[in-house]
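Structure first, then comments.
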Amino acid sequence: MLTLLLLLFTAAAALNAQDERARLKEYLNDAANEVSITEDPAEKREILDNMFHDLLRAFDVAEDWPLFSEDEKGAISEFKSKVSDKHDELNGYNGYERVSDKDLNAFSAYTVQDFEQSAEYVTISVVALILIILVVALLL
Amino acid sequence: VKFRLILFHCIVFAGILFPAEDIIKNRVIHLIHGDGDYLYHENGESYYSDEEVLSLALENARIGINSEYYIFHFRPKRTFLIFFPGEESDFYHFRNGKLLTSRKYFRYDPIDGHSAEWSLINENVTSDYVENNIILYYGHEIPLQEEYGYNASFPEVPFGLKSLTGRVSEILDALNKIKFDLFVLSTCSNGSPEFIFELGKLAEYIIASPGDLHLSQMNSRYLQRLEDGGSILMSAFALQFASRAFEILRTKTLTEIAVSVYNTKDLLNKYNPENICPGNTAKNEAVTVFFRPSRFGKNKDRLVHSGWNCSEKNILSDRSE
């Protein structure tokens, strides 16, 4: 049932693909703005951590989506890997030096810039992107 | 006294025939791709990359008292009364700082077998000798092979290196030129051997990025220095343009920045694309790179950059086999 609903939403959203692409960027930017106006470093860290978790769950759904080609799944995996790296760096996992409290604002701005300019964002299919946005929206 | 009088009349007559404002030293072509996702954020504010680039191009053109500007803005498809296609792209032509033409046009509507850009330049170009011919392309990374989907509203039209060189060759033909003096390629990752050697047939110097490039793009304000008077040494001008663009990116971003200047004459004479990567043999003399590592991420401690994009997807398949 969820699959059918997502399929219908995805088809409807694809009609306005450019706006849907912008939504993910706005979502990331909103999170970065929230980080910058929050004073407590622990809260800043939580906002970023939650954002990465939501994105990673959305990428998991997209990766398992049966209708995507192998090429599309490859592009989704590359993008997911980028999110995963950011999550690891924030928390100091997998060999990364943990982002210090004083650098959290800069790290959130860097995350927005890195996603917006990344080749993975540009090349990922619109349908995959819309699916990710929809799952993120459902999680919020 | 008679000689002075004759000289005076000659100067006045020459002034009438060849008014000073008609002298064109520089010709600048802007190709601005806006048919895609160009939204970015800076300090929380939203910007559209193509609109920002266009705004500065128009400012440069208005200041360009010694220059001629042809500005093409490739915009998304549009229709009127739902079904009828409308001219979607914008064309601006400035000479000596004055706007002579501003109109919409169909960018995928060849006229007499030529591209729309060829026709628009051909209609307006004069036979003046121009010292400096510069072309700038702003957009997303251009695929090495022809691919569908580059244009969001014309996904059925393939685009890649071959299409780009075809369009640029047509523009050169309309200008009656063989090469541009400088080609600014403000896209992600197109500073690869395959790309630069191919574009090097069409330009003496190329500025491009071998990595991701922030969507605020390579700033073109330095073009205003073309109006300073005196002759331009293009090798120095290209380095200064790249240096200024790099500095502006450096202050705005936290991501990695690499902006390379390629001397294509040296490259084409002395090297093949095959021997650039991974040995980077051309790094020293034919390529200058401005590099700053990212503030975070895996490569934050990287100190140097070869100036080349050597990733496998940037090698033509017949070479990689």
Side-chain angles (χ1 to χ4, degrees), chain A residues 14 16-37 48 71-72 74-75 78 81-82 84-86 88-90 94-100 103-127 129, chain B residues 33-50 75-77 139-143 147-153 155 186-190 209-217 249-250 252-258 293-301 309 311 313-314:
Chain A
N16 204 358
Q18 284 306 96
D19 288 348
E20 292 304 317
R21 271 186 174 274
R23 273 183 64 191
L24 185 56
K25 289 184 175 179
E26 296 292 0
Y27 166 71
L28 296 167
N29 184 54
D30 288 348
N33 284 345
E34 206 181 333
V35 168
S36 69
I37 59 170
L48 286 167
D71 279 354
E72 280 173 317
E78 277 184 41
S81 162
K82 206 158 189 143
S84 185
D85 284 347
K86 299 273 181 303
D88 288 350
E89 188 164 15
L90 175 71
N94 293 322
Y96 278 104
E97 188 184 332
R98 187 173 188 258
V99 177
S100 69
D103 282 339
L104 287 168
N105 283 359
F107 183 71
S108 66
Y110 161 79
T111 299
V112 170
Q113 288 172 7
D114 198 43
F115 284 144
E116 287 187 342
Q117 73 182 41
S118 73
E120 290 84 357
Y121 189 90
V122 175
T123 53
I124 198 167
S125 79
V126 172
V127 178
L129 206 55
Chain B
H33 188 257
D35 188 6
D37 178 14
Y38 287 99
L39 171 69
Y40 72 96
H41 295 87
E42 205 174 288
N43 300 322
E45 297 293 320
S46 303
Y47 298 92
Y48 288 89
S49 172
D50 58 316
R75 295 173 63 85
K77 187 187 281 184
H140 287 306
E141 177 181 356
I142 299 165
E147 286 181 11
Y148 296 100
Y150 188 88
N151 299 291
S153 68
S186 184
T187 61
C188 286
S189 308
N190 284 134
S209 175
D212 284 348
L213 185 69
H214 187 249
L215 280 172
S216 57
Q217 304 276 12
L249 284 166
R250 197 174 65 79
K252 282 184 171 185
T253 66
L254 299 163
T255 46
E256 183 178 287
I257 312 163
S294 59
R295 169 100 176 260
F296 303 94
K298 280 177 187 163
N299 296 323
K300 67 177 182 178
D301 297 322
N309 176 2
S311 65
K313 75 168 187 160
N314 284 287

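Numbers restart at 1 for each chain; the letters A, B, ... are given by sequence-line order, proteins then strands.
Minimum interatomic distance between B:L213 and A:Q117 (heavy atoms only, all atoms of both residues): O-CB, 3.6 Å. For A:A109 against B:L254, the heavy-atom pair with the smallest separation is CB-CD1, 4.1 Å. Residues A:A106 and B:R295 come closest through the heavy atom pair CB-NH1, 3.6 Å. Looking at every heavy atom in both residues, B:G297 comes nearest to A:Y96 through C-CE2, 4.2 Å.
Between A:F107 and B:F296, the ring planes are perpendicular. Angles over 60° get that label, and only those under 30° would be called parallel.
The parts of A:D114 that come within reach of chain B are both its backbone and its side chain, each placing non-hydrogen atoms under 4.5 angstrom from that chain. If you measure heavy-atom distances from A:E97 to chain B, the contacts under 4.5 Å come from the side chain alone. Residue A:D88: no heavy atom, backbone or side chain, is found under 4.5 Å from chain B. The contact between B:S46 and chain A is made entirely by side chain atoms (from C-beta outward), counting heavy-atom distances below 4.5 Å. If you measure heavy-atom distances from B:L39 to chain A, the contacts under 4.5 Å come from both the backbone and the side chain. Both the backbone and the side chain of B:K298 come within contact range of chain A, each with at least one heavy atom under 4.5 Å from a heavy atom of that chain.
If you take OG1 on B:T253 and CD on A:E116, they are separated by 12.0 Å, rounding to the nearest 0.5 Å. Considering CD of B:E45 and CG of A:N33, their distance stands at 8.5 Å, rounded to 0.5 Å.
A donor-acceptor pair is defined here as one N or O able to donate and one able to accept, closer than 3.5 Å; no such pair exists between the side chain of A:Q113 and the backbone of B:H214.
Counting non-hydrogen atoms of neighbouring residues, nucleotides and ligands closer than 6.0 angstrom, the OH atom of B:Y148 reaches no more than 12 such neighbours.
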